[in-house]
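First comes the structure, then the notes that go with it.
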Amino acid sequence: SSSSSSSSSQSSSEESNIISRFQQYLQIKTDQPTPNYTQSTIFLTNQAKSLSLQSQTIEFVSGKPLILIKWEGTNPELSSIMLYSHTDVVPAEHDKWVHHPFEAHLDSDGRIYARGSQDMKCVGLQYLEAVRRLKGWGFQPKRNVYVLFAPDEEIGGHDGAEKFSLSEVFRGLNVGIVLDEGLASPDEHYRAFYAERSPWWLVIKAVGAPGHGSKLYDNSAMENLLKSIEIIRRYRASQFDLIKAGLKADGDVVSINMAFLKAGTPSPTTGYVMNLQPSEAEAGFDIRVPPTADTESLERRIAEEWAPSWRNMSFRLGQFQQKVSVYDASGKPVITKTDSSNPWWALLENAVQEAGGKLGKPEIFPASTDARYFRNLGLPAIGFSPMANTPILLHDHNEYLHKDEYLKGIKIYESIIKAYASFDEHGSDGRSKDEL
Ligand SMILES: CSCC[C@H](NC=O)C(=O)O
Ligand SMILES: [Zn+2]
Ligand SMILES: [Zn+2]
């Protein structure tokens, strides 16, 4: 591995305690659709106790707990820091993994295999480990620091981050900046995200005259649907080519991938009737739209090229059937500034650098995170998961994180939390806003 060994300031027994706490968290089966939140809540509450920090369990929907841990600042009138992570993970197909996804096996190379090792139990515990070390050194935050663990991100976050972001409790925290998840980076640069794409779910449906399986004729439902699929695939290729040519990043193009195909006349004996051309055919697509995209022209493209009524097609389009999107009330994309108007961005960049990390150019997150609920309130939110030199394996088989990357990430968070919690725009930390 290209990871360096951890510094001598950390004893090897301390290191193995840190890794074993990470493994314990990974071993809790919080996979959707039936996450064991009882166990994760007990675990996290105990972590808070071991840090001598107050924790609070909040349920907007019974059985869907958020755990809010508070590290009190010396100047609590300043806005607070919110260190966010979600406790649930996506399901895993156990038999397709080299190690069981909830065993958190540490292999001889130092890789920790587990569902959630990248997305995003790593980040949640790295926050706590960073707090543990800062506390151990006697560091005192000026700002209140909140570490929040929320349920159900993987299914939309409606009963977790969304309700929390709209709650009185949240308002009372006077949050100034939210950190949420990012992505692993195969090279040495960490990645940071200032916005995210909007999920659109598109279902297109074709109808056409049914007929004998042997007959060649125009306008069957299958033919109509396939024409659309060909056109959609050409568009997909044109977007993908921009990435392949290095002209655009993942989050800057419109992605479109087929999620399902549905057609045919079922038969109890052969599965489907083979000599009948069906009268209906449907396909579903996951589309992700960058905040800067011209959404009207995309909608026109769908209506005129992908599902034109003259080809006997219709479509249904839902922005992931959710109220909160990546647009504000006036339709403008909600993004976090990366210029000098947002001191938190520069603070993060400097802090990563000071801890010996390299940060790539700010990016648009290609999928969705709960950060959108906080951005929607006008708050800055940065997507960041300190995993460099690591293949992107979230939602994949054999998701893993190397233990040295995990340990390095803790140091990165120590640096960030220290900088964030000390930041006082009125300059009492010695820095003026201009310097940032
Ligand atoms: C929009 S709710 C679903 C959120 C999910 N987030 C991570 O994978 C995603 O599909 O992007
Ligand atoms: Zn995630
Ligand atoms: Zn995920």
Side-chain angles (χ1 to χ4, degrees), residues 25-26 28-33 35 40 64 66 83-93 101 114-127 148-165 178-185 191-193 195-202 250-251 253-260 284-291 317-327 333-334 363-376 381-387 390-401 409:
Y25 187 34
L26 291 169
I28 302 170
K29 289 194 82 261
T30 52
D31 51 323
Q32 294 289 355
S40 54
K64 310 231 178 220
L66 293 97
L83 306 173
Y84 174 89
S85 69
H86 60 82
T87 51
D88 62 325
V89 298
V90 286
E93 297 170 69
R115 177 57 88 223
S117 55
Q118 294 194 10
D119 179 16
M120 65 173 302
K121 285 177 168 171
C122 50
V123 169
L125 275 210
Q126 282 169 320
Y127 294 146
L148 177 69
F149 293 84
D152 280 9
E153 186 277 345
E154 296 292 2
I155 57 168
H158 307 296
D159 296 335
E162 183 175 24
K163 290 198 168 65
F164 182 69
S165 72
V178 177
L179 289 188
D180 191 1
E181 67 194 303
L183 288 176
S185 163
R191 309 172 67 177
F193 300 87
E196 55 189 54
R197 296 194 294 186
S198 176
W200 291 17
W201 277 5
L202 173 69
D250 293 345
V253 302
V254 177
S255 67
I256 174 157
N257 289 304
M258 207 185 299
F260 73 82
F285 298 87
D286 178 295
I287 309 177
R288 304 286 169 136
V289 185
L317 184 60
Q319 275 188 11
F320 209 79
Q321 298 132 352
Q322 55 184 5
K323 284 177 293 183
V324 181
S325 79
V326 298
Y327 308 105
V334 178
E363 294 178 75
I364 295 168
F365 195 80
S368 290
T369 71
D370 281 340
R372 69 193 182 284
Y373 295 119
F374 302 106
R375 289 201 187 104
N376 221 265
I382 301 175
F384 179 73
S385 300
M387 295 180 282
T390 303
I392 306 166
L393 293 170
L394 77 170
H395 298 202
D396 203 339
H397 300 323
N398 299 315
E399 180 179 352
Y400 75 80
L401 181 57

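Counting from 1, the numbers follow the sequence of the chain as shown. Model, not experiment: these values are computed from the prediction. Read the numbers this way: they start at 1 and go in the same order the structure lists the ligands and their atoms.
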(message) Do S85 and E153 make a side-chain contact, defined as non-hydrogen atoms from C-beta onward lying under 4.5 Å apart?
(response) no
(request) Answer yes or no: is there an ion pair linking D152 with K64, defined by an N-O contact shorter than 4.0 Å? (result) yes
(message) Would R372 count as a contact residue for ligand 1, given that I'm defining contact as a non-hydrogen atom of the residue lying under 4.0 Å from a ligand atom?
(response) yes
(request) Would you indicate which of R288, H158, E181 comes nearest to atom 9 (C) of ligand 1 when only heavy atoms are counted? (result) R288
(message) Could you tell me, atom by atom, which parts of ligand 1 come under 4.0 Å of a heavy atom of P199?
(response) 1 (C)
(request) At a cut-off of 2.8 Å, list the protein N/O/S atoms near the Zn ion (ligand 2), residue plus atom name. (result) H86 NE2, D119 OD1, E181 OE1, E181 OE2
(message) Applying the side-chain hydrogen bond (donor to acceptor under 3.5 Å, both in side chains) criterion to K121, which one of T87, D88, T30 satisfies it?
(response) T30
(request) With rounding to the nearest 0.5 Å, note down the distance linking OH in Y84 to OH in Y127. (result) 9.5 Å
(message) If I take atom CZ from residue F384 and atom CZ from residue F193, how far apart are they, to the nearest 0.5 angstrom?
(response) 10.5 Å
(request) Compute whether any side-chain donor of one residue and acceptor of the other, for D119 and H86, lie under 3.5 angstrom apart. (result) yes
(message) Is any side-chain heavy atom of P151 closer than 4.5 Å to one of L66?
(response) yes
(message) Less than 3.5 Å apart, any donor N or O on the side chain of Q118 or S385 sitting next to an acceptor on the other?
(response) no
(message) Would E153 count as being in polar contact with ligand 1, using the rule that some N or O on each side must be under 3.5 angstrom apart?
(response) yes
